[in-house]
Amino acid sequence: MSRTLITGGTVVTAADEMAVDVLVEDERVVALGVGQNWTADTVLDATGRYVLPGGVDGHTHMEMPFGGTVAADTFETGTRAAAWGGTTTIVDFAIQPRGGALREGLDAWLAKAEGNCAIDYGFHMIMSDVNPSSLKEMEVLVGEGVTSFKLFMAYPGVLYSDDGQVLRAMQRGAQTGGLILMHAENGIAIDVLIEQALARGETDPRYHGIVRHELLEAEATHRAIKLAQVAGAPVYIVHLSAASALAEVAKARDEGLNAFAETCPQYLFLSVDDLGRPGFEGSKYVCSTPLRPVEHQAALWRGLRTDDLSVVSTDHCPFCFKGQKEMGIGDFSKIPNGLPGVEHRMDLLHQGVVEGHISRRRWVEIACATPARMFGLYPRKGTIAPGSDADIVIYDPTATQVLSTQTHHMAVDYSCYEGKQITGRVEAVLSRGRVIVDGGEYRGAKGDGRFQRRDTCGYLR
Ligand code: URP
Ligand code: ZN
Ligand code: ZN
């Protein structure tokens with residue numbers, strides 16, 4: 001048995017801030033206490049530091065095929081970058097092939113991840129073909145720990161489900177305990193606007209933000225919530241960016257519906273001004289839902305404070321500028337959708353603490369505890385308590401750093417936050433009791449991460 005003791009720090013969880021030592025035996029936390037004279041093989045001095053639960057990023061896309069190319073981070077590079085940034089669990093997305101079975105998609109993604117991940121991982125299942133057979137399969141997947149299913153109201157002909165398919169999947173979700181995650185944008189209307197924009201010669205990246213109109217996010221969010229209500233099912237809106245979509249979620253929650261939503265750091269810190277950068281630079285900021293005018297940021301921070309937004313995930317889906325984003329020169333609709341971000345979520349949200357948008361405990365809640373609970377991983381993940389996995393981050397709240405391609409670990413040739421100064425920095429990371437990041441040194445290895453069978457949503461049982 002190996003024993004690790006973390007001394008002198010302030011343990012911050014979603015519920016408490018405590019000046020206590022943390023004792024770890026093998027892979028688990030066994031005790032928190034003061035003045036216990038514990039002995040250990042490894043002692044980590046956390047004086048002046050926060051001791052946090054490892055981050056849980058509930059929305060990533062390693063190696064995701066999209067628009068004729070594949071996201072640049074592999075499970076190996078992306079999970080290593082996540083670890084550098086204090087995230088110790090990801091929930092990625094397996095994709096059902098159109099015309100194929102959920103099983104086929106899940107097995108393919110399990111094979112991609114197996115033996116390659118630096119940190120623990122689970123999967124949501126993207127349903128790109130809702131039919132009697134895939135609806136039946138949902139129950140089997142829930143039994144195997146894949147307890148959430150993403151549907152798309154966007155991308156007609158590719159990943160899109162119509163309202164009937166959405167309703168059926170939600171009904172099945174209600175029966176099986178599977179949580180439906182919704183990409184809420186009206187893709188049919190957006191495709192009309194894309195066609196019209198291109199016909200007018202409007203080809204720059206900034207038109208991506210214009211055709212993916214805020215109201216088409218709000219409308220789809222409203223429709224998703226109503227369909228879920230009809231089905232008697234919960235719904236979780238992914239990557240929410242528009243204030244008017246947030247208002248739909250807030251209204252539903254006020255009515256007592258099980259409607260949940262996440263936003264992402266890019267919507268809190270970036271805006272349409274980035275999409276409008278000169279030349280083709282704006283393509284670096286093309287993602288869906290799109291970045292919004294800067295005024296939306298205040299509404300999103302408010303939503304995080306009021307719990308109308310419960311989670312911040314990254315939607316990490318990086319494409320290099322050279323050769324990938326460039327596929328859309330002359331036609332913004334061909335720019336692969338997605339941004340890099342898995343490495344910087346904990347730091348950017350800490351910046352939100354520094355700037356007074358959220359409290360320290362809320363930071364841990366939206367980045368660690370709630371995603372763990374939402375996706376059936378709590379209290380194994382998302383907290384520091386006897387019995388939980390010893391996924392722990394030692395965080396220096398006063399260190400400063402400058403985000404840059406030169407220093408990040410993601411396998412992508414640009415940073416959305418190039419030159420941005422951040423207060424706070426990850427100092428050490430433990431994954432199930434093993435130190436994998438130690439100051440400036442990476443001590444983990446690919447294959448350290450294990451597949452996590454997840455329970456059903458912890459807010460519904
Ligand atoms: O632009 C995005 N969000 N790319 C990843 C796929 C998705 O819709 O989440
Ligand atoms: Zn999406
Ligand atoms: Zn996504």
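None of these values were measured; they are calculated from a predicted model. Counting starts at 1 for both ligands and their atoms, following the listed order.
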Atoms in ligand 1 flagged as close to D315, the criterion being non-hydrogen separation under 4.0 Å: 2 (C), 3 (N), 5 (C), 9 (O)
Protein heavy atom at shortest distance from atom 2 (C) of ligand 1: S288 O, 3.4 Å
Pairwise ring pair (Phe, Tyr, Trp, His ring centres under 6.0 Å) hits with a residue in residues 286-322, at least two apart: F269-W301, W301-H357
Heavy atom of F152, distance to ligand 1 below 4.0 Å: yes
Residues K251, E248: salt bridge by 4.0 Å N-O rule: no
Pairing of D308 and R253 as salt bridge, 4.0 angstrom limit: yes
Location of contacts on N337 toward ligand 1, heavy atoms closer than 4.0 Å: both
2.8 Å shell around the Zn ion (ligand 2), exclusive bound, protein N/O/S atoms: 3
Note: R212-E185 ion pair, threshold 4.0 Å (strictly below): yes
Per-residue contact class, K150 against ligand 1 - non-hydrogen pairs under 4.0 Å: side chain
Audit row: D391, R432, salt bridge (charged side-chain N to carboxylate O under 4.0 Å, His left out) steps and yes/no: CA-CA 5 Å; D391 292 351; R432 273 184 285 101; 5.4 Å; no
Those residues that, when tested against E195, pass salt bridge (Lys or Arg N to Asp or Glu O under 4.0 Å) (two or more places apart): none
Ligand-side contact atoms (ligand 1) for residue partner C317, heavy atom cut-off under 4.0 Å: 5 (C)
The Zn ion (ligand 3) contact by H61, N, O or S atom under 2.8 Å: yes
Check against salt bridge (charged side-chain N to carboxylate O under 4.0 Å, His left out), E281 and K284: CA-CA 6 Å; E281 284 292 295; K284 295 177 176 174; 2.9 Å; yes
C287 and ligand 1 - part of the residue with a heavy-atom distance under 4.0 Å: both
Residues forming a salt bridge (Lys or Arg N to Asp or Glu O under 4.0 Å) with R103, sequence neighbours excluded: D107, E144
Protein contact of atom 8 (O) of ligand 1 - nearest heavy atom, named by residue and atom, plus distance: H183 ND1, 3.1 Å
F375 and H124, any side-chain heavy atoms less than 4.5 Å apart: yes
Lys/Arg N to Asp/Glu carboxylate O, R425 vs D347, below 4.0 Å: no
Working for side chain to side chain contact (heavy atoms under 4.5 Å, CB included), residues H239 and H59: CA-CA 9 Å; H239 48 53; H59 188 154; 3.5 Å; yes
Heavy-atom proximity to atom 6 (C) of ligand 1, best of E185, H61, H59: H61
